[in-house]
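The structure under discussion appears below in the form of structure tokens.
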Number of protein chains: 2
Amino acid sequence: MLHDEVVNALRTALIDGRIKPGERVPEKAFCVALGISRTPLREALKVLAAEGHVVLLPNRGARAARLTRRDLDELFEVNGALEALAGELAGRRITEAGIAAIEVLHRDMAAAFERRDLEGYYRGNRAIHEAILAAAGNQTLEALYESVGARIRRARFVAPMPPGHWEIAMLEHDAMLNALRRRDGVVLSSILKTHLKHKRDEIERAGFAEE
Amino acid sequence: MLHDEVVNALRTALIDGRIKPGERVPEKAFCVALGISRTPLREALKVLAAEGHVVLLPNRGARAARLTRRDLDELFEVNGALEALAGELAGRRITEAGIAAIEVLHRDMAAAFERRDLEGYYRGNRAIHEAILAAAGNQTLEALYESVGARIRRARFVAPMPPGHWEIAMLEHDAMLNALRRRDGVVLSSILKTHLKHKRDEIERAGFAEE
DNA sequence: CCCGTAAGGTTTGCATGCAAAATGCCGCAA
DNA sequence: TTGCGGCATTTTGCATGCAAACCTTACGGG
């Protein structure tokens with residue numbers, strides 16, 4: 001399946017910044033880079049445009065989408081609503097096995113926290129959030145969350161976490177796990193909202209790479 | 001802009017049921033029907049696949065996506081979360097002009113209700129919901145809502161509204177308008193949730209065209 | 001010197017062509 | 001009659017070709 005691979009390759013390149021916001025995506029150059037012809041590349045660009053990762057200017061090709069502060073605000077608002085819904089649903093639907101799996105992820109993340117491994121912490125953090133989304137038992141929601149998350153991840157942040165915030169985030173995660181154990185979707189939902197709000201404040205303080 | 005028009009033409013055909021769920025979408029036939037070549041059609045199909053309106057089977061072409069009851073449940077859950085967020089945001093952000101505009105739509109819809117014009121009522125209903133979404137001042141949210149709504153609209157329902165339900169829906173709309181006037185996003189949000197839940201129950205009772 | 005403009009090259013948008021995969025059809029045998 | 005295998009046709013996936021739109025650059029007029 002050549003076509004899917006092209007979409008994934010480009011999307012990954014866009015998300016982790018190998019193609020920078022605002023940068024042009026000339027067809028020919030990427031064709032030779034990927035060793036394909038223009039047809040599948042163009043199809044991939046159309047899909048990525050529908051996903052919001054690139055913008056297509058008629059007769060002027062594709063550019064990696066610029067992420068304004070406003071876009072980021074909007075994405076965080078939507079992300080919050082999706083995560084809140086996921087929390088609520090997960091509270092109702094998560095299985096014992098699901099809770100156990102998240103407990104494992106939680107311990108891994110806590111271990112990363114203990115050894116001040118920020119990279120590992122972020123990975124674990126994301127894994128837990130995705131596990132909660134999966135536990136919500138709604139694939140449409142999961143796909144949308146993934147899509148919104150991917151757009152957010154395109155924003156690169158410049159400042160490190162201020163002291164104390166990491167600890168707070170960990171405490172919030174402890175609270176999440178407790179709520180999950182009690183299957184309390186309402187509380188889980190509100191913790192997730194708070195958690196995201198803090199992340200949002202973080203970015204507000206840090207400023208992000210664009211602008 | 002040929003490409004966009006093809007996407008829109010196909011999407012419309014899918015949403016209002018001219019292309020039925022599960023039906024194949026052979027490239028050649030649609031090329032001659034639309035008077036274009038296969039390239040732009042294929043690009044359009046990829047986009048529609050990304051939007052969830054068609055599914056692409058490798059080497060076996062495109063089919064109009066089937067909407068299972070489960071898909072519908074999932075879409076309603078997501079729709080509810082998006083609408084609830086919109087209600088909350090609209091309460092904070094709507095302008096006087098925005099409220100006035102919705103009051104006009106509301107009166108139109110009420111008039112359709114009075115003359116038992118179900119078609120007109122549905123149109124007005126949808127216009128109000130979209131106006132609330134617009135008033136939320138979040139274009140990302142608006143686009144997602146539109147996308148989810150489009151997928152829901154592909155489900156065709158078979159039974160008419162039971163007596164009394166229409167009246168209840170109207171009362172809920174009155175309550176929405178009141179909440180908006182008071183800029184009470186929390187209440188608006190919860191009314192929207194209830195309203196959608198009733199719509200959902202409706203469909204549960206009616207059964208939908210698939211299956 | 002600066003601005004407008006026109007020619008050249010480049011890039012995009014769509015059409016077409018070709019090979020591989022899939023579908024359907026027919027005959028054959030159990 | 002029913003099930004199976006092989007061939008022809010259709011359909012899909014990608015590459016390529018061609019015309020139109022765009023960008024660059026260089027030239028001439030003001």
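Rounded to whole angstrom, the span from the CD atom of B/Glu43 across to the P atom of D/dT12 amounts to 16 Å. Rounded to an integer number of Å, the gap from A/His3 NE2 to D/dA15 C1' is 16 Å. Atom CG of A/Leu2 is separated from atom P of C/dA19 by 18 Å (rounded to the nearest Å). Rounded to whole Å, atom C1' of D/dT16 lies 14 Å from atom CD1 of A/Ile36. For B/Leu41 and C/dG13, the CG to C1' distance is 15 Å, given to the nearest whole Å.
Listed by chain and residue number, A/Trp166 satisfy the ring-ring contact (aromatic ring centres under 6.0 Å, His included) test with A/Tyr121 (two or more places apart in sequence, or in another chain). Looking at residues two or more places apart in sequence or on another chain, you find a side-chain contact (heavy atoms from CB on, under 4.5 Å) between B/Ala81 and A/Leu85. With sequence neighbours left out, B/Asp117 forms a side-chain hydrogen bond (donor to acceptor under 3.5 Å, both in side chains) with B/Arg115.
Looking at B/Ser147, its side chain never comes within 3.5 Å of a backbone N or O of B/Ala143 through a donor-acceptor pair.
Listed by first and then second residue, the salt bridge (Lys or Arg N to Asp or Glu O under 4.0 Å) pairs involving residues 36-48 of chain A are A/Glu27-A/Arg38, A/Glu27-A/Arg42, A/Arg42-B/Glu43, A/Glu43-B/Arg42, A/Glu43-B/Lys46, A/Lys46-B/Glu43 (not counting sequence neighbours). Each salt bridge (Lys or Arg N to Asp or Glu O under 4.0 Å) pair with one or both residues in residues 99-113 of chain B, not counting sequence neighbours, appears once here: B/Glu103-B/Arg181.
Taking side-chain N and O atoms only, B/Thr39 has no distance below 4.0 Å to OP1 or OP2 of C/dC14.
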Contact pattern, 5' to 3', of nucleotides 7-12 of chain C - B, S or - by protein heavy atom under 4.0 Å: ----SB

